[in-house]
Amino acid sequence: MSDRDRGWDFHLRNLSNSARDSSVATDPAADPSVLHSVKKLYELCKEEKNDDLVARVYPLINKLFQRSVASLSQSRTSNGLLLLDILQFFLDFGEVVLHDADPSIRTFFRSCLSREFADPVVAEATLDFINVNKKKLLSSFPTLLPQFFPLLLKLIAWNGEKLEKAFLKVFPAVMSSASFLPLLSALVDLPILVVALEKVEKSSGSLIGSSIATIQKSTAPEMLLALMDEAYTGSTIADGGGDSESEDSNTIDVADPLFLELLKDENDGLAERHWASPGMAATLQAAINAPPSDRLKQILSMTPRLLDVYFAIALRDVNDSLICALIPQLMARNATLFLDKNFSYEVRKRLLEFLLAVFQRSPDFIALLKKPIMDRLAEAYDSPAKMELALQLCWAIGEHGGGGASHKDAARELFENLELLLYENLSSSVGLRQEASVGPDSENYRKSSQSRLLCFVVTAIAKLATYHRELLPRARVSLGKVARSRISDARVWKRARDYLGLMNDPAICLSILGPSRPSQHDIQKPGTVNWSEGGRKMVAHFPFYILGDQKGQA
């Protein structure tokens, strides 16, 4: 018998004996030789390429998988590495032995990874397994990774930057039509997820080996409810005893879904997260009251990079209907972010850049989404974040003509909304110039914000009327009121006056204020000149301000 044959028989006998050994049968991962034998048998099957040998190994491997899964709740040993090696055998030889690996992989996620995601060794091995088999998983089981993206986010949230490179390779595979929308909120809320996981660890001990889903379904859920309340309202719940006047004796609404929503393992669709509830501001503030842990610092740094990948894939691969459905969610989340200054800035910057990129690619979205856009404009003064969103929306409305030439009704409604916003701000700006020098900082900030908004609104009105010429008479009336007011910031009424002057010469006005991209009927973008045709055109055909930079014969 050759050395290879002896090794083959030895490993087969080892797996067979492990099933009969009561101490190993109830916890197969406790014996390192079992994992070693699985690896060796897999390697021999790959080398031999013999279907009969694979058929001999498969029954033992399959029974070992079932025993390992059954022992997870009682096992004190990590089963992740053993199960991953068995899953690799199922994936590579499943067609030979007619084994569908999909249920086995789902069992691994639900039963093992949900308990061992906090183990760095298992976490790294899981990402390596997905990366090695990514093509096969996407082709044979396309819904698998999108279904379990919350669990994979828990894995990276807990293990941090050391697994970032491997996770970024996996990340595109978790995006699908089913996961695209809920994934945005999950990414933005990664810091809150870290805080929630750290609370669970602090109260119940190591996360390795204990399933959060099991804690949730236990007969004593008070601990989880207490964590939920502490993470999202800053208060705590009584443990059923002690002084009723203590700070731990406050009650909680057990129907509050926020905490459990964060800690779920599977994608169950776009859940409604009540971020606009009165307790949300206190929730986010409570999360950063304590000094941030190293794990939280890492996820605050990683999240913007993950969003970069998410938005890049969205612009490249996602269909317009999903993108259009994402925009209202994006606008809602813009003002409800984790209260860290740098994190909020970086995330909000990416949200707004993506918003403008979408409108640049699909201007008709502005008309389709006119209702949520108008709602956000009405909220401009609720917070600085909502003000910045309103400014960007004003710019987009004007730049893209309210959706384009085929959306005149939507453009008119948006124009009327801008008019209302303009008049409301004009009436409230009386006396601000005199008060600014003596008022508090908040008043100075309000005046500055109001001036910025008025400038954006005035520009949007002028650009929208230039695009839809039927709105020009109303635009002249609105801008005339601003130009004559002389009660707001001088930059505002001077801008309105300049726009009124431009409107007296439609050709120049179109060149300066017209859309930056052509409509379907335009041969050339307004505001650009084809200089190769200069010999056949008169100087009057070119906007005067362009000629100043040109040399030679036009």
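In this text the structure is predicted, and so the values were computed from the model without any measurement.
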Please confirm whether the backbone N or O of N425 pairs with a side-chain atom of Q450, one donor and one acceptor, at under 3.5 Å? yes
Expected output: side-chain D364 to main-chain G404 donor-acceptor under 3.5 Å: no
Is there side-chain contact between H400 and W395, with at least one heavy-atom pair below 4.5 Å? yes
Does a side-chain heavy-atom distance below 4.5 Å link L183 with F180? no
If every non-hydrogen atom of F359 is compared with every non-hydrogen atom of A396, which pair is closest and at what distance? CD1-CB, 3.7 Å
What distance do R469 atom CZ and L471 atom CG have between them, rounded to the nearest 0.5 Å? 11.0 Å
Backbone of L377 reached by a side-chain donor or acceptor of N417 within 3.5 Å: no
Partners meeting salt bridge (Lys or Arg N to Asp or Glu O under 4.0 Å) with R350 (sequence neighbours left out): D308, E346
Over all atoms of both residues, closest heavy-atom pair of A462 and L513: CB-CD1, 3.9 Å
Is it the case that the side chain of Q329 and the backbone of L181 share a donor-acceptor pair, with hydrogens and angles ignored and the cut-off at 3.5 Å? yes
Sorted by chain and residue number, the salt bridge (Lys or Arg N to Asp or Glu O under 4.0 Å) partners of K162 (sequence neighbours excluded) come out as none
Work out which heavy atom in A465 is nearest to a heavy atom in L472; give both atom names and the distance. O-CG, 3.7 Å
Under a 4.0 Å N-O cut-off, is there an ion pair linking R474 with E416? yes
Contact check, side chains of V174 and F167, non-hydrogen atoms, under 4.5 Å: no
Check: F148 and I105 side chains under 4.5 Å, non-hydrogen atoms: no
Which residues pass the salt bridge (Lys or Arg N to Asp or Glu O under 4.0 Å) test with K481, sequence neighbours left out? none
Looking at S179 and S176, would you say the former's side chain and the latter's main chain have a donor-acceptor pair under 3.5 Å? yes
According to side chain to side chain donor-acceptor pair (under 3.5 Å), does anything in residues 137-150 pair up with another residue at least two apart or in another chain? List the pairs. R106-T143, R106-Q147, Q147-E266
Between the side chains of T459 and R495, is a donor N or O closer than 3.5 angstrom to an acceptor N or O? yes
All heavy atoms of L418 vs all of A460, minimum pair found to be CD1-CB, 3.8 Å
Can you check whether L351 reaches L184 side chain to side chain, under 4.5 Å on heavy atoms? yes
Checking L326, L352, L393 against M331 for side-chain contact (heavy atoms from CB on, under 4.5 Å), the one that qualifies is L393
Looking at S485 and V482, would you say the former's side chain and the latter's main chain have a donor-acceptor pair under 3.5 Å? yes
Show your reasoning for whether side-chain contact (heavy atoms from CB on, under 4.5 Å) applies to I461 and Y499. CA-CA 10 Å; I461 286 176; Y499 291 154; over 6 Å; no
For residues A157 and L190, report the shortest heavy-atom separation together with the two atoms involved. CB-CD2, 4.2 Å
Assess the residue pair L127 and E124 against the criterion (side-chain contact (heavy atoms from CB on, under 4.5 Å)); give the C-alpha distance rounded to whole Å, side-chain angles, the decisive distance to 0.1 Å, and a yes or no. CA-CA 5 Å; L127 294 179; E124 183 176 10; 6.0 Å; no
So F338 and L296, do their side chains get closer than 4.5 Å, heavy atoms only? yes
Are the side chain of R497 and the backbone of A483 linked by a donor-acceptor contact shorter than 3.5 Å? no
Under 3.5 Å donor-acceptor, N319 side chain and L322 backbone: yes
Any chance you could measure L369, atom CG, to D375, atom CG, to the nearest 0.5 Å? 11.0 Å
Is a donor on one side and an acceptor on the other found under 3.5 Å between the side chain of Y467 and the backbone of E399? no
Please examine the side chains of M374 and L414, heavy atoms only from C-beta on, and report whether any two atoms are closer than 4.5 Å. yes
Mind checking what makes salt bridge (Lys or Arg N to Asp or Glu O under 4.0 Å) contact with E353, not counting sequence neighbours? none
Could you pull out the closest heavy-atom pair between A173 and L145, with the gap in Å? CB-CD1, 3.7 Å
Whether the side chain of R361 engages the backbone of L315 through a donor-acceptor N/O pair (distance < 3.5 Å, no angle test) should be reported. yes
Would you call R348 and E388 a salt bridge, taking side-chain N to carboxylate O under 4.0 Å as the test? no
Do F171 and F149 have ring centres separated by under 6.0 Å? no
Name all residues meeting the side chain to side chain donor-acceptor pair (under 3.5 Å) criterion together with K169; count only those two or more places apart in sequence or in a different chain, and write none if there are none. none
